[in-house]
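Quick note: numbers below take in every heavy atom, side chains included, and nothing from hydrogens, waters or symmetry partners. Remember, it's a predicted structure, so these values are computed and weren't measured experimentally.
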Amino acid sequence: MPAYHSTFIKDGPDVRTIGNFAVLPLKTQFRGPAYPSNEDYDIIDEILDLFRANSFFRNFEIKGPADRTLIYGILFISDCLNKLKPDTSPHEANRLLNTLAVEHFSIPGDPGFPLNSLYLPPRDRVESDTLRAYLTQFRQELALRLIARIYPNGETVPNKYWLAFTRRRFMNKSLS
């Protein structure tokens, strides 16, 4: 059974990329370089929908820049889930994941980035700053929507079916 790929796979001049990382529109409340999306389904929704199914795969064939965004999002969710404990309150989870989203992180091309073999580095300093700002906005929105999925209907403990994936490592990789 093959892994699930992004439905945002488009190639051509209309797809905005930095290196080979797709900078896709987001439905977000956070400021950043991502174009606002007027569609009901964006890359963040897709990452959250495909996370549990794709986390079982050790190999993943990349079919376009949107798949690289999908990989990054899945690995970020794994890092988020590893920060949570079974007794973490929603308020504490929000604080932990927001801190994780905005703390300093490596981008493609940096020596500490674990996936440099899959991603091309930005061409110059401007692209590097734009990618870092996009990833910060992306991570903040992904953390916010992940909390809504982990704590559905105002629950006070995280959903055990999400926390069960803390031991899974997609592609045997981690962002941290």
Task: side chain to side chain contact (heavy atoms under 4.5 Å, CB included) between Phe170 and Asn54, worked out - done: CA-CA 7 Å; Phe170 178 60; Asn54 276 351; 4.0 Å; yes
Open item on the list: Is there a continuous path of hydrophobic side-chain contacts, each under 4.5 Å between heavy atoms, that joins Val102 to Leu96?
Closed with: no
TODO: In sequence, state the C-alpha distance, the side-chain angles, and the governing distance for Phe51 and Tyr4, and then conclude on ring-ring contact (aromatic ring centres under 6.0 Å, His included).
DONE: CA-CA 9 Å; Phe51 168 74; Tyr4 296 99; over 10 Å; no
Task: From Leu81 atom CG to Leu163 atom CG, the distance as rounded to the nearest 0.5 Å - done: 6.5 Å
Task: Shortest non-hydrogen separation from Ala66 to Ala22 and the atoms involved - done: N-CB, 3.7 Å
Task: Side-chain H-bond candidate by donor/acceptor type, Asp49 with Tyr41, under 3.5 Å - done: yes
- [ ] Check whether any side-chain N or O of Thr17 sits under 3.5 Å from a backbone N or O of Asn20 as a donor-acceptor pair, and report yes or no.
- [x] no
TODO: Say whether Phe30 and Ile147 are linked into one hydrophobic cluster, either directly or through other cluster members, by side-chain heavy-atom distances under 4.5 angstrom.
DONE: no
Open item on the list: Is there a continuous path of hydrophobic side-chain contacts, each under 4.5 Å between heavy atoms, that joins Leu48 to Leu175?
Closed with: yes
Open item on the list: Counting neighbours of CZ on Arg149 that are heavy atoms of other residues, nucleotides or ligands and sit closer than 6.0 Å, is the number greater than 12?
Closed with: yes
TODO: Output yes when a side-chain donor or acceptor of Lys27 lies under 3.5 Å from a complementary backbone atom of Asp40, and no otherwise.
DONE: yes
- [ ] Determine the minimum heavy-atom distance between Gly109 and Pro121, stating which atoms define it.
- [x] CA-CB, 3.6 Å
Task: Separation of Asp79 CG from Ser174 OG (nearest 0.5 Å) - done: 4.0 Å
- [ ] Looking only at non-hydrogen atoms, find the nearest pair between Pro158 and Pro86 and report the distance.
- [x] CD-O, 3.4 Å
Task: Contacts of Tyr35 that satisfy ring-ring contact (aromatic ring centres under 6.0 Å, His included) - sequence neighbours left out - done: none
Task: By salt bridge (charged side-chain N to carboxylate O under 4.0 Å, His left out) - contacts of Arg52 (at least two apart) - done: none
Task: Interatomic spacing from OG1 in Thr69 to CG in Leu24 - rounded to 0.5 Å - done: 5.0 Å
Open item on the list: Applying side-chain contact (heavy atoms from CB on, under 4.5 Å), can you list everything that pairs with Ile62, at least two apart in sequence or on another chain?
Closed with: Phe60, Asp67, Arg68, Ile71, Leu118
Task: Thr28 vs Gln137, side chain to side chain contact (heavy atoms under 4.5 Å, CB included): CA-CA, chis, key distance, verdict - done: CA-CA 8 Å; Thr28 183; Gln137 181 185 17; 3.1 Å; yes
Task: Arg95 CZ to Lys83 NZ distance, which is reported to the nearest 0.5 Å - done: 10.0 Å
- [ ] List in chain and number order the residues that pass side-chain contact (heavy atoms from CB on, under 4.5 Å) with Pro122, two or more places apart in sequence or in another chain; answer none if no residue qualifies.
- [x] Ile18, Ile107, Glu127, Ser128, Leu131
Open item on the list: On a heavy-atom basis, which atom in Ala93 and which in Thr88 lie closest, and how many Å separate them?
Closed with: N-CG2, 3.6 Å
Task: Check: Arg139/Tyr134 side-chain N/O donor and acceptor closer than 3.5 Å - done: no
TODO: Look at Arg125 together with Asp129 and state whether they make a salt bridge at an N to O cut-off of under 4.0 Å.
DONE: yes
Open item on the list: The criterion is salt bridge (charged side-chain N to carboxylate O under 4.0 Å, His left out); which residues satisfy it with Asp42, sequence neighbours excluded?
Closed with: Arg145
Task: Contacts of type side chain to side chain donor-acceptor pair (under 3.5 Å), residue Gln140, not counting sequence neighbours - done: none
Open item on the list: Tell me every residue that passes side-chain contact (heavy atoms from CB on, under 4.5 Å) with Asp87, counting only those two or more places apart in sequence or in another chain.
Closed with: Lys85
- [ ] Would you mind reporting whether Arg16 and Thr130 have side-chain heavy atoms less than 4.5 Å apart?
- [x] yes
Open item on the list: Applying side-chain contact (heavy atoms from CB on, under 4.5 Å), can you list everything that pairs with Gln29, at least two apart in sequence or on another chain?
Closed with: Glu141, Leu144
Task: Closest non-hydrogen atom pair, Phe165 against Ser55 - done: CD2-OG, 3.1 Å
TODO: Begin with the C-alpha distance, continue with both residues' side-chain angles, and end with the deciding distance and a verdict on side chain to side chain contact (heavy atoms under 4.5 Å, CB included) for Cys80 and Leu146.
DONE: CA-CA 9 Å; Cys80 289; Leu146 178 63; 3.6 Å; yes
- [ ] For residues Pro90 and Thr156, report the shortest heavy-atom separation together with the two atoms involved.
- [x] CD-O, 3.6 Å
- [ ] Give the cluster check for Leu50 versus Tyr72: same hydrophobic cluster or not, with ILVMFWY residues linked at side-chain heavy-atom distances below 4.5 Å.
- [x] yes
Task: Test side chain to side chain donor-acceptor pair (under 3.5 Å) applied to Thr166 - qualifying residues, sequence neighbours left out - done: none
Open item on the list: Do Ser6 and Glu46 have side chains that approach each other closer than 4.5 Å (heavy atoms only, starting at C-beta)?
Closed with: yes
- [ ] Would you mind listing every ring-ring contact (aromatic ring centres under 6.0 Å, His included) that reaches into residues 87-131, with sequence neighbours excluded?
- [x] Phe21-Tyr119, Phe113-Tyr119
Open item on the list: Taking salt bridge (charged side-chain N to carboxylate O under 4.0 Å, His left out) as the cut-off, I'd like each qualifying pair that reaches into residues 97-117, sequence neighbours left out, listed once.
Closed with: Asp110-Arg132
- [ ] Find out if a path of hydrophobic residues (ILVMFWY) with successive side-chain heavy-atom gaps under 4.5 Å connects Leu70 to Leu120.
- [x] no
Task: Exam field: side chain Asn82 to backbone Ser78, donor-acceptor pair closer than 3.5 Å - done: yes
- [ ] Would you please name every residue forming a salt bridge (charged side-chain N to carboxylate O under 4.0 Å, His left out) with Arg58, sequence neighbours left out?
- [x] none
